[in-house]
Participant: 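Supplied in structure tokens, the structure appears directly below.
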Amino acid sequence: LGITVALQTVPYLFFGVWGGLIADRLPKRKLLLCTQVAQIVPPTALWILSHGHLTQIWMVYPIVIVRGFINVFDNPARQSFVIEMVGPERIINGVSLNASVIQTGRLVGPALAGLIIATLGLGPCFLLNAATFVFMVLMLLLMRPEELNPAPVAPRGRGQLRAGFSLAARTPELRLPLVSMAIVGLLAFNFTVVLPAVARFTFHGSATTYALMVNFLAVGALGGAVVSSTRRGMSAKVVPWAALAFGAALGIASIVDDLAVMLVALLVVGATSVTFSAAVQTTLQLSAAPEMRGRIVSFYQLVYMGTTPLGALLVGALASSEGARSGLVVGSIGALVTGAGGVVALSRRRRATGPSDPREGDAELGAGASRRYA
């Protein structure tokens, strides 16, 4: 399983930023039509192998590598396309909702898959996965291109990746969310590693206990997604405060001894994790120039996909040696330290810049993004 996950991630680690550059250079709707059609192939192949009882592990490896390469181009194009669909007047809501849906899907998906496997078997999971991409293709075809708000297509030129990295490094609104996601992703976004051990060794439960915990986590994530999508504004300080809330929720989950209280704590963990992820992605997209949004989104994906698998190894090793709860404790400390550092950094920046800009700190990023988009 570790090799399979790594093979799916490796293409993005090495080529993800190029995918962001391609997303900036091509019309995103046309690029998404190509990637969504391509996305049908890997799950269909897995369904054929599973349905025919032909599966060998070496057959799975090239399939997930192909899926990883498709995601190299699909992820930055899909996420940066949201603003083009909703327009500048709904930037905050559209980006927040998209970010929330993505993070919620990562939590709800395993719970739904477990239900399907338990009732219908493994093969239907792959078939249903393939069908969802057919639905996506139909939705893209049904769109009216004249009603979209396409971002300027970046012309070909030298040094465009370097320009993206330079922009991210020198812009606080981009640098702080990326660094925050790197730390939190490394230490705190490892529920699939920690929760099975907590269910088994802390609460002496079974697979049913783990499924119950995941479902409460998913319900909390759905609640957090709804709240995030209704935000009418986004300020620079949301990211560190969301990290603090996430860290506090993980800390509470790490010390409770009653399963019922643990389930309530996981509701809060799911909600705050989605809020943090949505805040990071929203801040990045609203702070980036439209013609560079694909590259900035690819940096986020690179940070997230690069740190989370490594963190899973670290947290898994720690949980094996120090106990299941230790993974939650480390995640809590990482998120709390990240949030506190972000609050301090923003406070220092406000003091350094002074009151000359009334939008500083508590400003709504959406207004500036709308102007840049126009």
Participant: Please name the pair of heavy atoms, one in Ser80 and one in Ala77, separated by the smallest distance, quoted to 0.1 Å.
Facilitator: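 Looks like OG-O, 3.4 Å.
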
Participant: Step by step, would you call Leu266 with Met262 a side-chain contact (heavy atoms from CB on, under 4.5 Å)?
Facilitator: CA-CA 6 Å; Leu266 287 176; Met262 179 65 170; 4.3 Å; yes

Participant: Is there side-chain contact between Val37 and Phe133, with heavy atoms separated by less than 4.5 Å?
Facilitator: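 Result no, sub-4.5 Å side-chain heavy-atom pair not found.
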
Participant: What distance separates Ile70 CD1 from Gln8 CD, expressed to the nearest 0.5 Å?
Facilitator: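 Nearest 0.5 Å value for the CD1-CD distance: 10.0 Å.
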
Participant: Same hydrophobic cluster for Val268 and Val219, using side-chain heavy-atom links shorter than 4.5 Å among ILVMFWY?
Facilitator: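 Unlinked, Val268 and Val219 end up in two clusters.
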
Participant: Provide the closest heavy-atom pair for Val274 versus Ala221 in the form atom of the first, atom of the second, distance.
Facilitator: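 Closest approach of Val274 to Ala221: CG2-CB, 3.6 Å.
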
Participant: Looking at OG1 of Thr202 and CG of Leu195, how far apart are the two atoms once the value is rounded to the nearest 0.5 Å?
Facilitator: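 Reported to 0.5 Å precision, the distance equals 10.0 Å.
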
Participant: Under a 3.5 Å cutoff, is there a donor and acceptor pairing between the side chains of Gln39 and Asn71?
Facilitator: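 Per modelled atom types, Gln39 and Asn71 side chains form a pair under 3.5 Å.
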
Participant: Is there a donor-acceptor contact under 3.5 Å from the side chain of Ser332 to the main chain of Gly247?
Facilitator: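 Yes, Ser332 side chain to Gly247 backbone: donor-acceptor pair under 3.5 Å.
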
Participant: Would the distance check show the side chain of Ser298 and the main-chain N or O of Arg295 forming a donor-acceptor pair, the cut-off being under 3.5 Å?
Facilitator: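 Present.
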
Participant: Within a strict 4.5 Å, meaning less than it, do heavy atoms of the Val227 and Thr275 side chains meet?
Facilitator: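 Val227 vs Thr275: side chains apart.
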
Participant: Could you tell me whether a side-chain N or O of Ser273 sits under 3.5 Å from a main-chain N or O of Gly270, the two making a donor and an acceptor?
Facilitator: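 At least one qualifying donor-acceptor pair exists.
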
Participant: Indicate if Trp18 and Phe69 have the same hydrophobic cluster label, given that clusters are the connected sets of ILVMFWY residues with side-chain heavy-atom separations under 4.5 angstrom.
Facilitator: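 Same hydrophobic cluster.
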
Participant: Could you check whether any side-chain heavy atom of Ile83 comes within less than 4.5 Å of a side-chain heavy atom of Asn149, counting everything from C-beta outward?
Facilitator: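 When only atoms from C-beta onward are counted, Asn149 and Ile83 do not touch, as no gap falls below 4.5 Å.
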
Participant: Can you hop from Met143 to Val137 via hydrophobic side chains spaced under 4.5 Å?
Facilitator: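 Yes, one cluster joins them.
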
Participant: Which atoms form the tightest heavy-atom contact between Arg175 and Arg170, and what is the distance?
Facilitator: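 Closest heavy-atom pair between Arg175 and Arg170: NH1-C, 3.8 Å.
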
Participant: What I'd like to find out is whether the side chain of Leu186 reaches to under 4.5 Å of the side chain of Leu314, using heavy atoms alone.
Facilitator: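 Sidechains of Leu314 and Leu186: in contact.
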
Participant: Nearest 0.5 Å, what's the OH-CD1 distance between Tyr61 and Ile65?
Facilitator: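 The distance works out to 10.0 Å.
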
Participant: Can you check whether Leu284's main-chain N or O pairs, donor with acceptor, with Ser287's side chain at less than 3.5 Å?
Facilitator: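 No; judged by distance alone, with no hydrogens or angles, the pair does not exist.
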
Participant: Is there a donor-acceptor contact under 3.5 Å linking the side chains of Gln281 and Tyr300?
Facilitator: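 Per modelled atom types, Gln281 and Tyr300 side chains form a pair under 3.5 Å.
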
Participant: Between CG of Leu140 and OG1 of Thr35, what distance do you get to the nearest 0.5 Å?
Facilitator: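 Leu140 CG to Thr35 OG1: 8.0 Å, rounded to 0.5 Å.
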
Participant: Considering only NZ, NE, NH1 and NH2 on the basic side and carboxylate oxygens on the acidic side, decide whether Lys28 and Asp74 come within less than 4.0 Å.
Facilitator: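 No, this pair does not count.
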
Participant: Please report the interatomic distance CG(Leu259) to CZ(Phe216), rounded to the nearest 0.5 Å.
Facilitator: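 So the gap between those two atoms works out to 8.5 Å.
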
Participant: What's the separation between atom CZ in Phe126 and atom CD1 in Ile63, rounded to the nearest 0.5 Å?
Facilitator: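 Between atom CZ of Phe126 and atom CD1 of Ile63 there are 9.0 Å.
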
Participant: Restricting to non-hydrogen atoms, name the atom on Val184 and the atom on Ala335 that form the minimum distance, rounded to 0.1 Å.
Facilitator: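 Result for this residue pair: CG2-CA, 4.1 Å.
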
Participant: So that I know where these two stand, are Phe15 and Phe73 an aromatic pair - ring centroids less than 6.0 Å apart?
Facilitator: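 Judged by ring-centre distance (under 6.0 Å), Phe15 and Phe73 do not meet the cut-off.
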
Participant: Are Val297 and Val303 connected into the same hydrophobic cluster when the rule is that any two of I, L, V, M, F, W, Y join if their side-chain heavy atoms are below 4.5 Å apart?
Facilitator: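 Different clusters: Val303 never reaches Val297 through Ile, Leu, Val, Met, Phe, Trp or Tyr contacts under 4.5 Å.
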
Participant: I'd like to check Val60 versus Thr55 (side-chain heavy atoms, cut-off strictly below 4.5 Å). Are they in contact?
Facilitator: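 Yes, their side chains come closer than 4.5 Å.
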
Participant: Would you check if the side chain of Asn129 reaches a backbone N or O of Cys125 as a donor-acceptor pair within less than 3.5 Å?
Facilitator: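 No; zero donor-acceptor contacts below 3.5 Å.
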
Participant: Taking it one step at a time, do Val256 and Ile252 satisfy side-chain contact (heavy atoms from CB on, under 4.5 Å)?
Facilitator: CA-CA 7 Å; Val256 297; Ile252 293 173; 4.2 Å; yes

Participant: Is there a donor-acceptor contact under 3.5 Å from the side chain of Ser347 to the main chain of Val343?
Facilitator: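 It does not hold such a pair.
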
Participant: Would you say that Pro240 contacts Leu244 through its side chain, given a criterion of any heavy-atom pair below 4.5 Å between the two side chains?
Facilitator: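 Pro240 does not reach Leu244 side chain to side chain.
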
Participant: Are Ile333 and Leu328 in one and the same hydrophobic cluster, where Ile, Leu, Val, Met, Phe, Trp and Tyr link if side-chain heavy atoms are under 4.5 Å apart?
Facilitator: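 Shared cluster, no.
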
Participant: Between Pro177 and Pro172, what is the shortest heavy-atom contact and its length?
Facilitator: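 Closest heavy-atom pair between Pro177 and Pro172: CD-O, 3.9 Å.
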
Participant: Can you name the nearest heavy-atom pair linking Ser277 to Met181, along with the distance?
Facilitator: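 Answer, listing the atom of Ser277 first, then Met181: CA-CE, 4.3 Å.
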
Participant: Taking the side chain as every heavy atom from C-beta outward, state whether Phe189 and Phe246 have any atom pair closer than 4.5 Å.
Facilitator: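 Yes. Closest side-chain heavy atoms under 4.5 Å.
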
Participant: Do Glu84 and Arg29 make a side-chain contact, defined as non-hydrogen atoms from C-beta onward lying under 4.5 Å apart?
Facilitator: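 They are not in side-chain contact.
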
